[in-house]
Amino acid sequence: MSNFDKYFVFFSTCFAVNGYNRSLILDLQRRTFLSIPNTMYEIIDLFNSKKSIGEIIEFYGIENSEIINEYVDYLLEKEFGFIANYEEFDNFPAMNRSFEVPSLITNSIIEISHINLGNIKKIIQNLNDFNCTHVQFISYDKILLNDLILLLKESEESDFKSIQFILKYTDEVFEFLPQVINYNKRVTEILFHSSEDITDKIIPPTNFNINFLEYAIRNFKFCGVVNEKYFNQVNKERVLESLNHNSCLYKKIAIDEAGNIKNCPALKKKFGNIQDITLQNAIEINGFTEFWDIKKDEITTCKDCEFRHVCTDCRAFLENPKDKHSKPLKCGYNPYDNIWEDWSLNPLKEEALTYYGFENLKM
Ligand code: SF4
Ligand code: SF4
């Protein structure tokens, strides 16, 4: 009872998210999360509204004091905050949870094709004019080494902070990798699909990651799978973006193989073609920003899910394709019973699977 008149200051870089059955504490500094009971979430909420430990015990009744003190001890042990006096509490204001980025476009996906290679100078110049920071180049078929070198050289002139390549594996990988090192210091990751794991046959690059996928990526329908293993990227920018905007499509632009400008290659709606207009013209077309501000808190089922702010929100494949606030199709998690199942085997998704052409899906 020694802390009865004291206050618990929850670190401003820690953030509790309540779900239907349980909650999460996201630790934005240590980039981890921890599952907690919803009752602990309620107590954290009261701590954050400057209720003393004693006031909370009185609110829940003295018979619950043991559990409340256990929660305090647990949060202290896990280093999610500290005990403070009334006067000290206001010295630790909550973190500003707004999310502002000056660039009109921050991330982009370019499908590699003859059309896009023919317009590559324009594409890179347009993206650079946006101050776009992340670019993904993706190819489903084998690409000539000279074309890859062209992409490397052109994007080296940009201000991109990171470039990711997703490429079909060819034996030319052994020639391509030294070129990446020679020509482009902005490449952060190369993922080869349709490949054996040949990590032990190559000299590991020092400045970018290289990964191999056994299965073939034949089109952009591979994207949008929700899996617990992708939730390990807890970071401040991603969480703040998710609180304020769509966690996948906000400030994203894509160009498909035919040169069509879209929000993402898997979405049907086109906003002109790179052969005819600039990316700057495309984002001004009515509807381009339609998905930018659809937040996880507004999505059916996801709004009750404790993972909603560590989960990327796919708007291209939906359980109900006619409802833009529908749950992502490729999620097998049920926040009402906390069970993960294989989403592709769920009979309730059959209609949507047919709609998107995934009838014979084997993931
Ligand atoms: S229910 Fe929604 S928020 Fe939860 S894991 Fe699935 S897609 Fe993500
Ligand atoms: S909307 Fe879906 S398919 Fe498109 S990039 Fe996002 S997660 Fe991938």
Side-chain angles (χ1 to χ4, degrees), residues 105-223 252-262 264-266 273-276 278-279 282:
I105 292 292
T106 57
N107 64 105
S108 56
I109 301 169
I110 313 298
E111 291 185 329
I112 304 173
S113 66
H114 287 308
I115 291 173
N116 290 340
L117 285 166
N119 287 280
I120 199 65
K121 267 186 193 299
K122 174 181 175 184
I123 292 170
I124 288 174
Q125 185 60 55
N126 284 184
L127 291 174
N128 216 28
D129 290 346
F130 279 134
N131 290 319
C132 176
T133 48
H134 178 73
V135 181
Q136 179 189 88
F137 292 112
I138 180 164
S139 172
Y140 314 113
D141 298 312
K142 291 183 180 178
I143 298 289
L144 295 173
L145 185 61
N146 281 345
D147 288 337
L148 289 171
I149 292 173
L150 173 72
L151 284 176
L152 289 173
K153 282 184 174 171
E154 292 296 339
S155 47
E156 177 60 4
E157 300 304 313
S158 72
D159 296 324
F160 304 150
K161 290 206 177 96
S162 67
I163 299 173
Q164 181 197 34
F165 278 97
I166 300 180
L167 300 171
K168 185 168 185 177
Y169 174 81
T170 76
D171 288 340
E172 285 184 334
V173 57
F174 297 103
E175 291 173 63
F176 175 56
L177 292 177
Q179 305 290 343
V180 178
I181 296 162
N182 278 350
Y183 285 117
N184 202 306
K185 307 287 180 285
R186 301 175 194 284
V187 176
T188 48
E189 186 188 1
I190 303 179
L191 174 67
F192 289 101
H193 64 89
S194 319
S195 167
E196 289 170 31
D197 187 341
I198 56 155
T199 314
D200 54 346
K201 294 189 193 148
I202 57 169
I203 300 165
T206 52
N207 50 346
F208 57 91
N209 295 321
I210 178 158
N211 292 299
F212 299 91
L213 268 186
E214 206 178 308
Y215 66 84
I217 297 179
R218 295 197 173 85
N219 51 48
F220 213 77
K221 284 183 181 175
F222 82 97
C223 193
K252 186 189 279 315
I253 200 164
I255 309 177
D256 73 10
E257 284 181 310
N260 296 312
I261 302 166
K262 298 177 169 182
C264 133
N273 191 289
I274 193 62
Q275 297 173 103
D276 311 318
T278 64
L279 298 181

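Keep in mind that what you see is a predicted model, and the values were worked out from it rather than measured.
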Checklist entry - Can you tell me how far CD1 of Ile105 sits from CZ of Phe130, rounded to the nearest 0.5 angstrom? => result 5.0 Å
Checklist entry - So, do Gln179 and Leu148 sit near enough that their side-chain heavy atoms are less than 4.5 Å apart? => result no
Checklist entry - Is there a donor-acceptor contact under 3.5 Å from the side chain of His114 to the main chain of Glu257? => result no
Next on the checklist: Give me each pair satisfying salt bridge (Lys or Arg N to Asp or Glu O under 4.0 Å) with a member in residues 167-190, each pair once, sequence neighbours excluded.
Outcome noted: Glu156-Arg186
Checklist entry - Who passes ring pair (Phe, Tyr, Trp, His ring centres under 6.0 Å) against Phe192, sequence neighbours left out? => result Phe212
Item to check | Any donor-acceptor N/O pair, Asn273 side chain to Ala258 backbone, under 3.5 Å | outcome: yes
Checklist entry - Minimum heavy-atom separation for Ile261 to Ala282, with atom names? => result CG2-CB, 3.6 Å
Next on the checklist: Could you report the tightest heavy-atom contact between Ser155 and Ile124, atom names first, then the distance?
Outcome noted: N-CD1, 3.7 Å
Checklist entry - Taking only residues two or more places apart in sequence or in another chain, which ones pass side chain to side chain contact (heavy atoms under 4.5 Å, CB included) with Asn107? => result His134, Lys252
Item to check | Reported CG-to-CG distance for the pair Asn119 and Asp276, which is rounded to 0.5 angstrom | outcome: 9.0 Å
Checklist entry - Does any non-hydrogen side-chain atom of Leu279 lie less than 4.5 Å from one of Ile255? => result yes
Item to check | Those residues that, when tested against Phe220, pass ring pair (Phe, Tyr, Trp, His ring centres under 6.0 Å) (two or more places apart) | outcome: Phe222
Checklist entry - In Å, rounded to the nearest 0.5 Å, how long is the span from SG of Cys132 to CD1 of Ile253? => result 8.5 Å
Checklist outcome for this item: In short, salt bridge (Lys or Arg N to Asp or Glu O under 4.0 Å) pairs touching residues 120-149 with sequence neighbours left out are Lys121-Glu154
Checklist entry - Are any non-hydrogen side-chain atoms of Ile163 and Leu152 less than 4.5 angstrom apart? => result no
Checklist entry - Are the side chain of Asn126 and the backbone of Thr278 linked by a donor-acceptor contact shorter than 3.5 Å? => result no
Item to check | Summary of ring pair (Phe, Tyr, Trp, His ring centres under 6.0 Å) pairs that have at least one residue in residues 143-172, sequence neighbours excluded | outcome: Phe137-Phe165, Phe165-Phe176
Checklist entry - Roughly how far, to the nearest 0.5 Å, is the CD1 atom of Ile120 from the CG atom of Leu151? => result 5.0 Å
Next on the checklist: Rounded to the nearest 0.5 Å, what separates atom CG in Leu191 from atom CD1 in Ile166?
Outcome noted: 5.5 Å
Checklist entry - When rounded to the nearest 0.5 angstrom, what is the spacing between CD1 in Ile110 and CG in Leu127? => result 5.0 Å
